[in-house]
K.L.:
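First the structure, then my questions, so here it is.
Below, chains carry the letters A, B, ... as their sequence lines are ordered, and counting in each starts from 1.
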Amino acid sequence: MNKPHETPERPVNFIRNIINEDLASQKHQTIYTRFPPEPNGYLHIGHAKSICLNFGLAQDYQGRCNLRFDDTNPAKEDLEYVESIQRDVQWLGFQWEGQPRYSSDYFEHFYQSALELIDKGLAYVCFLNADETREYRGNLKEPGKASPYRDTAPQENRALFEKMRAGAFKEGECVLKAKIDMASSFMCLRDPALYRIRFETHHQTGDAWCIYPMYDFAHCISDAIEGITHSLCTLEFQDNRRLYDWVLDNLAAFNRPDRPHQYEFSRLNLEYTVMSKRKLHQLVNERLVEGWDDPRMPTISGMRRRGYTPAALRDFAERIGISKVDSMTEMGILEAAIRDDLNRVAPRTMGVIDPIKLVIENYPNPEPEVIFAPVHPQNEAMGKREIFFGRELYIDRADFLEVAPDNKYQRLAIGKEARLRNAYIIKAERCETDDQGRITVYGSYDAATLGKNPADGRKVKGVIHFVEASRAQAAEFRLYDRLFCVPNPSKEADFAQVLNPNSLQVKHGFVEPALAQAPVEQAYQFEREGYFCRDSRTTDGLVFNRTVTLKDTWQQSV
RNA sequence: AGGGAUGUGGCCAAGUGGUAAGGCAUCUGGUUUUGAUCCAGUGUACCGCAGGUUCGAAUCCUGCCAUCCCUGCCA
């Protein structure tokens with residue numbers, strides 16, 4: 001038994017090493033992290049990695065973690081996203097400290113900080129337009145040159161910046177820039193913009209502001225205001241760290257030894273999918289998928305609808321670890337995580353996805369009989385369920401062949417015996433195909449084999465699943481596969497060209513009667529087929545989404 | 001000679017001078033009324049390459065190579 005505050009062993013990583021050192025040296029007494037999404041899209045599994053990291057660290061070290069919306073660009077952001085993000089984080093099993101924070105909560109603070117830099121001669125209002133600014137910046141080989149506005153006196157800059165705030169300038173007419181180093185090898189240090197003018201209604205602050213801070217200015221100050229100790233972000237922000245440090249070092253309130261520090265880890269890349277928000281937006285906007293929660297999407301909401309569980313996603317995050325290496329993670333790791341969880345918790349049931357009829361000609365009763373089958377063969381505590389067996393059954397087309405191809409074939413064939421899962425051993429005698437191509441198999445059953453092996457000692461290795469026809473519930477099965485047909489679609493000139501045309505197959509078949517009451521999102525294992533859950537968007541009829549197939553070592557060797 | 005990073009088995013990933021953890025995948029057996037699960041076993045890893053320091057190097061030094069990121073008034 002775990003003691004109340006004992007946490008499970010977690011894999012070590014470089015961030016934990018840093019935290020351990022910071023705690024040991026008393027730099028910090030406790031840790032404080034944050035998850036800082038911009039509300040401009042739905043969260044995806046890459047965000048889940050970051051969420052598990054930030055919230056997981058806070059849990060393990062008994063620190064705190066904020067949810068903070070990085071909402072400094074009203075043109076791109078929307079309330080729809082701030083709501084979906086909160087829903088997704090909580091569904092993943094995490095709770096932020098206090099209320100959700102917003103960068104926009106600190107707009108006045110940012111403004112005062114900008115004034116402080118201006119007064120110190122470290123920021124100026126620049127009237128170069130965007131094109132000119134680009135020219136003045138130089139390039140990777142050549143240093144930039146000073147803006148003609150670079151040496152404006154602080155008092156004048158202060159007045160100008162106040163006018164910016166008051167709306168005296170047009171959008172794009174001027175920006176506030178930091179005065180750093182036009183020759184720096186870090187491009188982000190060549191007098192970066194701190195504030196731009198946008199006459200845009202903000203989803204939190206309305207029309208209170210017409211100037212909005214840039215990410216690099218807002219993020220570090222937000223971290224410092226909240227007392228964040230370890231500010232974790234992805235690799236592409238490594239250069240920006242110099243600006244993060246420059247801002248905090250030059251602000252009196254934040255230039256202290258326990259101020260936040262930024263550390264970068266590599267973002268998640270998953271095979272056969274895309275993770276960039278731009279591409280995800282494109283998939284949704286061009287109707288290449290049903291929406292953000294399409295079960296083929298790598299979004300949290302899509303994976304949830306597909307049948308992924310929070311526990312599996314957390315386990316996945318733990319399995320892939322945290323490092324600074326650019327990597328491409330195989331789907332197999334994700335699938336192993338969801339199979340592990342679902343194998344443990346999913347009730348077993350039978351569903352026939354591509355049905356053909358099987359008639360048991362020697363079955364004597366006109367009415368089907370009831371059989372009690374285990375809900376989970378490895379967990380008796382989950383109890384028993386009622387299934388039916390009778391004269392007419394459905395089995396899967398893939399489980400029957402007129403002629404067995406070889407002696408390794410374990411399914412049903414004419415003249416061959418197989419076990420019907422949870423029921424009797426049967427033998428196929430003959431089959432008929434009608435003019436519509438519908439197959440009916442006729443056979444017999446061995447009445448002495450319910451719950452036991454044949455008394456004569458003959459071995460029947462094959463087991464196939466079935467549903468009794470008169471009680472069967474019609475159901476739709478949505479069989480999902482990878483969204484793309486190449487491992488790294490982002491490398492393609494046009495990723496839409498490599499969409500997998502078979503990423504969704506719809507089948508109509510039958511399930512056990514008890515599943516008529518299946519709750520939405522409840523995971524089931526359709527034995528021998530895979531894990532499914534009832535679709536949460538469908539209100540009429542039974543629709544099951546396939547989360548993942550069972551591991552199949554047989555098909556691979558054929 | 002722009003700068004910032006990274007290179008450990010097929011894929012992730014520990015390791016921070018003492019002689020290469022773990023997970024996923026693979027393959028092989030065993031159990032099994034899910035060809036699942038479970039159990040046991042399975043890898044000669046030139047630790048990017050080449051030199052050097054050291055009794056000893058994946059770990060330290062030098063040089064080289066490869067890949068990723070940086071020239072938004074995006075984040």
Side-chain angles (χ1 to χ4, degrees), chain A residues 11-14 17 36-38 40 70 72-73 75-76 126 128-130 133-135 137-144 171-177 183-190 192-198 212 214-216 218-219 233-242 264 266 271 277 318-337 339-340 343-344 348 350 373-374 376-378 408-411 418-425 449-453 460-465 525-530 549-557:
Chain A
V12 300
N13 59 52
F14 76 98
N17 292 341
E38 183 185 15
N40 68 344
D70 209 346
T72 55
N73 189 354
K76 291 190 170 178
C126 180
L128 254 24
N129 66 33
T133 293
R134 195 173 310 121
E135 258 182 64
R137 186 157 35 227
N139 57 48
L140 297 179
K141 302 271 187 188
E142 314 274 331
E171 228 172 79
E173 192 175 352
C174 58
V175 296
L176 182 74
K177 286 180 179 174
S184 175
S185 53
F186 294 103
M187 297 303 285
C188 66
L189 257 27
R190 321 248 264 225
L194 263 23
Y195 264 96
R196 77 288 218 189
I197 297 168
R198 288 284 177 275
Y212 291 95
M214 301 291 291
Y215 164 84
D216 287 300
H219 203 93
C233 63
T234 44
L235 254 26
E236 65 271 26
F237 291 98
Q238 287 175 129
D239 287 0
N240 301 250
R241 185 175 69 241
R242 278 69 186 190
E264 311 87 11
S266 44
E271 283 188 341
K277 277 191 185 172
E318 198 157 298
R319 291 183 190 213
I320 58 176
I322 296 291
S323 74
K324 305 181 72 141
V325 184
D326 281 304
S327 58
M328 179 67 74
T329 298
E330 290 178 342
M331 272 292 183
I333 299 185
L334 216 210
E335 292 179 346
R339 286 190 183 115
D340 253 28
N343 176 51
R344 223 177 41 247
R348 269 52 174 176
M350 293 192 283
H376 188 127
Q378 278 84 45
K408 284 183 180 167
Y409 180 80
Q410 296 180 11
R411 280 112 102 135
R419 161 77 66 180
L420 287 182
R421 175 74 173 155
N422 296 125
Y424 303 91
I425 287 174
T449 54
L450 180 62
K452 48 180 178 271
N453 286 323
V460 177
K461 193 138 187 345
V463 178
I464 66 174
H465 56 94
Q525 184 195 96
F526 287 124
E527 288 186 294
R528 302 208 315 128
E529 291 289 1
T549 61
L550 257 32
K551 189 154 78 175
D552 189 348
T553 50
W554 172 245
Q555 282 191 349
Q556 287 167 6
S557 61

K.L.:
Return the set of residues passing side chain to side chain contact (heavy atoms under 4.5 Å, CB included) with A:Thr133 (not counting sequence neighbours), or none when no residue passes.
P.N.:
A:Leu128, A:Arg137, A:Lys177
K.L.:
Kindly write out the residues that satisfy side chain to side chain contact (heavy atoms under 4.5 Å, CB included) with A:Glu135, not counting sequence neighbours, or none if the list is empty.
P.N.:
none
K.L.:
Distance check, C1' atoms only: B:rC46 and B:rG7, in whole angstrom units.
P.N.:
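Their C1' atoms lie roughly 16 Å apart.
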K.L.:
For A:Ile322 and B:rA14, give me the distance from atom CD1 to atom P, rounded to whole Å.
P.N.:
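Roughly 9 Å, once rounded to whole Å.
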K.L.:
Grab the CG-P distance between A:Leu334 and B:rA25 for me, whole Å please.
P.N.:
12 Å
K.L.:
Considering every strand and a 4.0 Å limit on heavy-atom distances, what is the contact class for A:Arg419: base, sugar-phosphate, or nothing?
P.N.:
base
K.L.:
Under the side chain to side chain contact (heavy atoms under 4.5 Å, CB included) test, which residues partner A:Leu550, sequence neighbours left out?
P.N.:
A:Gln525, A:Tyr531
K.L.:
If you only use heavy atoms from C-beta on, which nucleotide in B:rG35, B:rU34, B:rU71 is closest to the side chain of A:Trp554?
P.N.:
B:rG35
K.L.:
Need one value for A:Asn240: base, sugar-phosphate or nothing, where a base atom within 4.0 Å counts as base even if backbone is also close, heavy atoms only.
P.N.:
base
K.L.:
With respect to the side chain of A:Pro377, which nucleotide from B:rC74, B:rC70, B:rU34 is positioned closest?
P.N.:
B:rU34
K.L.:
Would you say the base of B:rU71 and the side-chain of A:Glu142 have a donor-acceptor pair closer than 3.5 Å?
P.N.:
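There is none.
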K.L.:
Tell me, what's RNA chain B's dot-bracket, Watson-Crick or G-U with both distances under 3.5 Å, | for other-strand, [ ] crossing?
P.N.:
.(((((((.[[[..)..(...]]]..((((.......))))......[[[[[..)....]]]]])))))).....
K.L.:
Would you indicate, yes or no, if B:rA13 has its OP1 or OP2 atom less than 4.0 angstrom from a side-chain nitrogen or oxygen of A:Ser323?
P.N.:
yes
K.L.:
Assign A:Thr72 to base, sugar-phosphate, or nothing according to its heavy-atom contacts below 4.0 angstrom with the strands shown.
P.N.:
sugar-phosphate
K.L.:
What is the glycosidic conformation of B:rG72: syn, defined as within 90° of 0, or anti?
P.N.:
syn
K.L.:
Within the pair A:Lys551 and B:rU37, is there a side-chain N or O less than 4.0 Å away from OP1 or OP2?
P.N.:
yes
K.L.:
Without decimals, in angstroms, what is the distance between A:Gln378 CD and B:rC39 P?
P.N.:
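Answer to the nearest Å: 11 Å.
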K.L.:
Using atom CZ of A:Arg190 as one end and atom C1' of B:rC73 as the other, report the distance to the nearest whole Å.
P.N.:
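Going from CZ in A:Arg190 over to C1' in B:rC73 covers 18 Å.
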K.L.:
Before you tell me yes or no, could you show the steps for A:Met187 and A:Asp239 under side-chain contact (heavy atoms from CB on, under 4.5 Å), namely the whole-Å CA-CA distance, both residues' side-chain angles and the distance that decides it to 0.1 Å?
P.N.:
CA-CA 8 Å; A:Met187 297 303 285; A:Asp239 287 0; over 6 Å; no
K.L.:
A:Tyr195 and A:Met214: which non-hydrogen atoms are nearest, and at how many Å?
P.N.:
N-CG, 4.1 Å
K.L.:
Under 4.0 angstrom, heavy atoms only, what part of the nucleic acid is A:Ala193 near: base, sugar-phosphate, or nothing?
P.N.:
sugar-phosphate
K.L.:
At less than 3.5 Å, do the side-chain atoms of A:Arg348 and the base atoms of B:rU34 form a donor-acceptor pair?
P.N.:
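When only heavy-atom distances are counted, A:Arg348 does reach the base of B:rU34 through a donor-acceptor pair under 3.5 Å.
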K.L.:
So, using side chain to side chain contact (heavy atoms under 4.5 Å, CB included) as the criterion, who are the partners of A:Ala423 when residues are at least two apart?
P.N.:
A:Ile371, A:Phe389, A:Leu420, A:Phe466
K.L.:
Look at all strands and tell whether A:Gly451 reaches a base, only sugar-phosphate, or nothing, counting heavy atoms closer than 4.0 Å.
P.N.:
base
K.L.:
Between A:Thr553 and B:rA36, does any side-chain N or O lie under 4.0 Å from OP1 or OP2?
P.N.:
yes
K.L.:
If you look at every strand shown and take non-hydrogen atoms under 4.0 Å, does A:Arg339 touch a base, only sugar-phosphate, or nothing?
P.N.:
nothing
K.L.:
Give the C-alpha distance, both sets of side-chain angles, the deciding distance and a yes or no for salt bridge (charged side-chain N to carboxylate O under 4.0 Å, His left out) between A:Lys76 and A:Glu38.
P.N.:
CA-CA 9 Å; A:Lys76 291 190 170 178; A:Glu38 183 185 15; over 6 Å; no
K.L.:
Does a nitrogen or oxygen in the side chain of A:Arg196 sit under 4.0 Å from OP1 or OP2 of B:rA75?
P.N.:
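Yes, A:Arg196 has a side-chain N/O under 4.0 Å of OP1/OP2 on B:rA75.
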K.L.:
Could you tell me the separation between the CG atom of A:Asp70 and the P atom of B:rA75, rounded to a whole number of Å?
P.N.:
7 Å
K.L.:
What about A:Glu330: does its side chain form a donor-acceptor pair under 3.5 Å with the base of B:rG10?
P.N.:
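Present.
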K.L.:
Please determine, for the side chain of A:Ile333, which listed nucleotide (B:rC73, B:rC11, B:rG35) has the closest atom?
P.N.:
B:rC11
K.L.:
A:Ile320 side chain: which of B:rG35, B:rG72, B:rC12 is closest?
P.N.:
B:rC12
K.L.:
Measure from the side chain of A:Arg319, starting at C-beta and using heavy atoms only, and say which of B:rC12, B:rC24, B:rU34 lies closest.
P.N.:
B:rC24
K.L.:
May I ask you to say what A:Ala75 touches in the nucleic acid, namely base, sugar-phosphate or nothing, with a heavy-atom cut-off under 4.0 Å?
P.N.:
nothing
K.L.:
Quick check: closest heavy atoms across A:Thr72 and A:Ala218, and the distance to 0.1 Å?
P.N.:
CG2-CB, 3.7 Å
K.L.:
Could you go through nucleotides 3-9 of chain B and list every protein N or O atom that sits under 3.5 Å from one of its N or O atoms, giving the distance for each pair?
P.N.:
unit_1, atom_1, unit_2, atom_2, d
B:rG3, O2', A:Ser185, OG, 3.4
B:rG3, N2, A:Asp239, OD2, 3.0
B:rG4, O3', A:Arg242, NH2, 3.0
B:rG4, O2', A:Asp239, OD1, 3.2
B:rA5, OP1, A:Arg242, NH2, 3.4
B:rA5, O2', A:Gln238, OE1, 3.1

K.L.:
Using a heavy-atom cut-off of under 4.0 Å over every strand shown, decide if A:Leu176 touches base, sugar-phosphate, or nothing.
P.N.:
nothing
K.L.:
Counting only side-chain N and O atoms of A:Arg134, is one of them less than 4.0 Å from OP1 or OP2 of B:rG72?
P.N.:
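True: A:Arg134 side-chain N/O within range (under 4.0 Å) of B:rG72 OP1/OP2.
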K.L.:
Which part of the nucleic acid, if any, lies within reach of A:Gln410 when heavy atoms closer than 4.0 Å are counted: base, sugar-phosphate only, or nothing?
P.N.:
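A:Gln410: base contact, heavy atoms under 4.0 Å.
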K.L.:
Can you see which heavy atom on A:Glu271 is nearest to which on A:Met331, and at what distance?
P.N.:
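Looking at all heavy atoms of both residues, the shortest contact is O-CE, 3.3 Å.
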K.L.:
Take atom C1' in B:rA50 and the same atom in B:rC12, then report the distance between them in whole Å.
P.N.:
29 Å
K.L.:
In whole angstrom, give the distance that lies between atom CG of A:Asn343 and atom P of B:rU32.
P.N.:
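In whole Å, B:rU32 P and A:Asn343 CG are 18 Å from each other.
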K.L.:
Scan A:Leu128 against the nucleic acid and name what it touches under 4.0 Å (heavy atoms): base, sugar-phosphate only, or nothing.
P.N.:
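The answer is base, as A:Leu128 lies within the cut-off (heavy atoms under 4.0 Å) of a base atom.
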K.L.:
Among B:rC24, B:rA36, B:rU16, which nucleotide has an atom closest to any side-chain atom of A:Asn17?
P.N.:
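Nearest to the side chain of A:Asn17 among the choices is B:rU16.
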K.L.:
Going by the rule ring pair (Phe, Tyr, Trp, His ring centres under 6.0 Å), which residues pair with A:Phe237 if we only count those two or more places apart in sequence or in a different chain?
P.N.:
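Per chain and number, A:Phe237 pairs via ring pair (Phe, Tyr, Trp, His ring centres under 6.0 Å) with A:Tyr215.
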K.L.:
Please state how far atom CD in A:Glu529 lies from atom C1' in B:rU37, giving the value in whole angstrom units.
P.N.:
17 Å
K.L.:
Residues in salt bridge (charged side-chain N to carboxylate O under 4.0 Å, His left out) with A:Arg319, at least two apart?
P.N.:
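Here the qualifying residues are A:Asp315, A:Asp340.
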K.L.:
Mind checking the P distance from B:rG48 to B:rA20? Whole angstroms is fine.
P.N.:
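Each nucleotide's P atom is 16 Å from the other's.
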K.L.:
Identify whether any heavy atom of A:Asn453 sits under 4.0 Å from a base atom; if not, whether one sits that close to sugar-phosphate; answer base, sugar-phosphate or nothing.
P.N.:
nothing
K.L.:
Under 4.0 angstrom, heavy atoms only, what part of the nucleic acid is A:Phe526 near: base, sugar-phosphate, or nothing?
P.N.:
nothing
K.L.:
Tell me whether the OP1 or OP2 atom of B:rU32 has a side-chain N or O from A:Arg528 closer than 4.0 Å.
P.N.:
no
K.L.:
Regarding A:Lys177, tell me which of base, sugar-phosphate or nothing describes its non-hydrogen contacts under 4.0 Å with the strands shown.
P.N.:
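The residue A:Lys177 makes no contact with any strand.
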K.L.:
When we call it a touch if two heavy atoms are under 4.0 Å apart, what does A:Lys408 touch: a base, just sugar-phosphate, or nothing?
P.N.:
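Base contact - A:Lys408 has a heavy atom under 4.0 Å of at least one base atom.
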K.L.:
Excluding sequence neighbours, so at least two apart, what forms salt bridge (charged side-chain N to carboxylate O under 4.0 Å, His left out) with A:Glu318?
P.N.:
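A:Glu318 satisfies salt bridge (charged side-chain N to carboxylate O under 4.0 Å, His left out) with A:Arg10 only.
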